[in-house]
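These numbers were taken from a predicted model, which means no experiment stands behind them. All chains are named by letter (A, B, ...) in the order of the sequence lines, taking the proteins before the strands, and each is independently numbered beginning at 1.
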Amino acid sequence: MSEGWLSLLQQAFSLLLSFDHDVWSIINISFSVSFAALLITLIPSLALGFVLAFTQFRGRWLVTNLVQTLQSIPTVVIGLLVYLLLTRNGVLGDLKWLFTQKGMILGQMLICAPVLIALSQAAFSSVDRRAWETARTLGVAWPKAVYVLCRELRVPLLLAVIAAFSRILTEVGCSMMVGGNIMNVTRNIPTAIALETSKGDFAQAIALGLVLLILALILNFTLGTLRGKAVPRSH
Amino acid sequence: MANSNIACIIAEHVTMHFDGKMLFSVQHLSFSQADVIYLQGDNGSGKSTLMKLLAGLSIASEGSITAHGFEKSHWWRKDGLVGKALYLHQHPYLFDGSVKYNLTFAAKQASKNKQLLTKRVEQAIEMAQLGHLLDNSASNLSGGERQRLAMARAWIIQPTLLMLDEPTSNMDKPSQLLVLDMIKQLKEEGTGLLLSSHQACGLTSLCNKHWFITNKQIKVSDDAPHNSDQTLLTTMELNYAN
Ligand SMILES: Nc1ncnc2c1ncn2[C@@H]1O[C@H](COP(=O)(O)OP(=O)(O)OP(=O)(O)O)[C@@H](O)[C@H]1O
Ligand SMILES: [Mg+2]
């Protein structure tokens, strides 16, 4: 059995290193769809997180709890929702986005945004009020003071972005339902792994799994260096 | 009396409430470039709150606080009061980064000639004796070093009005003297000062006005605060210096 594993791993590596067309097309689709979803949602979500953390308005409580709820909805349910929206008789049926990358991006945006909003709200709520006051009183205009805050919070904000990105990059349910797992069009890493495993073609599944594993290692080690050797210190 | 060349901040009929309880109220206060004011009051009487109001960092429950005679800022900046009188927190906040980063952060805000600024930063490092700490992370400084860095940061900006909230509370005598020198120099350059301090220190002898918060009112008197132990301490400090 161990020999079987070894040869599967060998096959997986050779698929990756020989730039196998199918494997790299799947990787490419996964990253471009998820990057697009992340890029579109990033700024509005951080802005909403900022507003929720710093302002008091009617309905703030409601929005906060809704965002928290959306965060814990399973991705298949979001897939179902987007499917119903995009299906020919659906509200957005005229867009003809079902089983396209655009449809997948829409679904992933709905998964990504609540994570970004909730985590950035938590990050902004944790900031020391004096950071804002100090920047302002030293003469920094408010838009730049927002930037100064984001710099002070770079680690928790980056954590939020990474958490959101890894959630959409690895989700199966929504991509499967909305994208349809069409080779060279909407087949991404998680849907391909699910399919290949069910067919018993483990080499490709392992190759794609390795890509996610390596990515997770890179992201977490980068974050580790970013955090530096900082330890909490009392004053 | 109202000299248009002198920058000042004027508070009229200001009242401050927290959770329905009144902290203080005052009819009229003016803080101008020519003033060196000593602000006194018990713990919790509202000294820090008053300074934050004058800095434009929080809003008074009632009344108005306005700035007069300041240079017009750029038309796209509608800042109002914020940034007119620089407020130094009782426990200063230092930005995440090195000591040097915190100093250059301040320098970038003072929109002056680059060369002069570099010189001013160097002077600040010299005066606050931060040279050996430049590359240290600001979060690892001691309490007194933090206050010295915050003071140097304000000194670089050379503000028109400066409010110091207990600037020497964590400092030993040598550090207090360093800060005193910086404050004196700012005063000579035309900065108006508002100081709060519990212990009488060398700072109090600089003051020419006295604000005193008692019974939820702010009493203003034009004479320097006189107090026998203060004079005593000041003499002690001078001896220490020599
Ligand atoms: N944001 C706030 N919300 C509610 N109460 C506040 C707030 N800020 C200050 N207070 C209250 O106002 C009072 C005055 O606080 P402040 O910090 O101005 O006192 P202080 O005179 O500076 O005292 P100290 O000498 O200890 O520095 C305190 O009782 C404090 O609890
Ligand atoms: Mg105080």
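Between atom CD of residue Glu133(A) and atom OH of residue Tyr87(B) there is a gap of 7.5 Å, rounded to the nearest 0.5 Å. The CZ atom of Arg151(A) sits 3.5 Å away from the OH atom of Tyr101(B) when rounded to the nearest 0.5 Å. Atom CD of Glu152(A) sits about 5.5 Å away from atom CG of Asp96(B), to the nearest 0.5 Å. The distance from the CZ atom of Arg129(A) to the NE2 atom of His89(B) is 8.5 Å, given to the nearest 0.5 Å.
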Tell me, with the steps shown, if Trp132(A) and Leu57(B) meet side-chain contact (heavy atoms from CB on, under 4.5 Å). CA-CA 9 Å; Trp132(A) 174 263; Leu57(B) 296 174; 5.8 Å; no
Between Val82(B) and Thr137(A), is a side-chain contact (heavy atoms from CB on, under 4.5 Å) present by the stated rule, with each step listed? CA-CA 6 Å; Val82(B) 190; Thr137(A) 198; 5.5 Å; no
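Heavy atoms of other residues, nucleotides or ligands lying less than 6.0 angstrom from CZ of Phe221(A) number 12 at most. With a 6.0 Å radius and a threshold of 12 heavy atoms from other residues, nucleotides or ligands, Asn65(A) has its CG atom above the threshold. By the neighbour-count criterion of 12 heavy atoms within 6.0 Å, atom CD1 of Ile59(B) is sparsely surrounded, having that number or fewer from other residues, nucleotides or ligands. For Gln185(B), the CD atom sits in a packed shell: over 12 heavy atoms of surrounding residues, nucleotides or ligands are nearer than 6.0 Å. Heavy-atom contacts from other residues, nucleotides or ligands closer than 6.0 Å to NZ of Lys144(A) number more than 12.
For Ala85(B), the part lying near chain A is the backbone, with the side chain staying farther off; criterion is any non-hydrogen pair under 4.5 Å. Only the backbone of Pro92(B) comes within less than 4.5 Å of a heavy atom in chain A; its side chain stays farther off.
Nearest heavy atoms, Arg153(B) versus Thr134(A): NH2-CG2, 3.2 Å.
With Phe95(B) as the aromatic partner, Arg130(A) does not meet the cation-pi criteria of under 6.0 angstrom to the ring centre and within 45 degrees of the ring axis.
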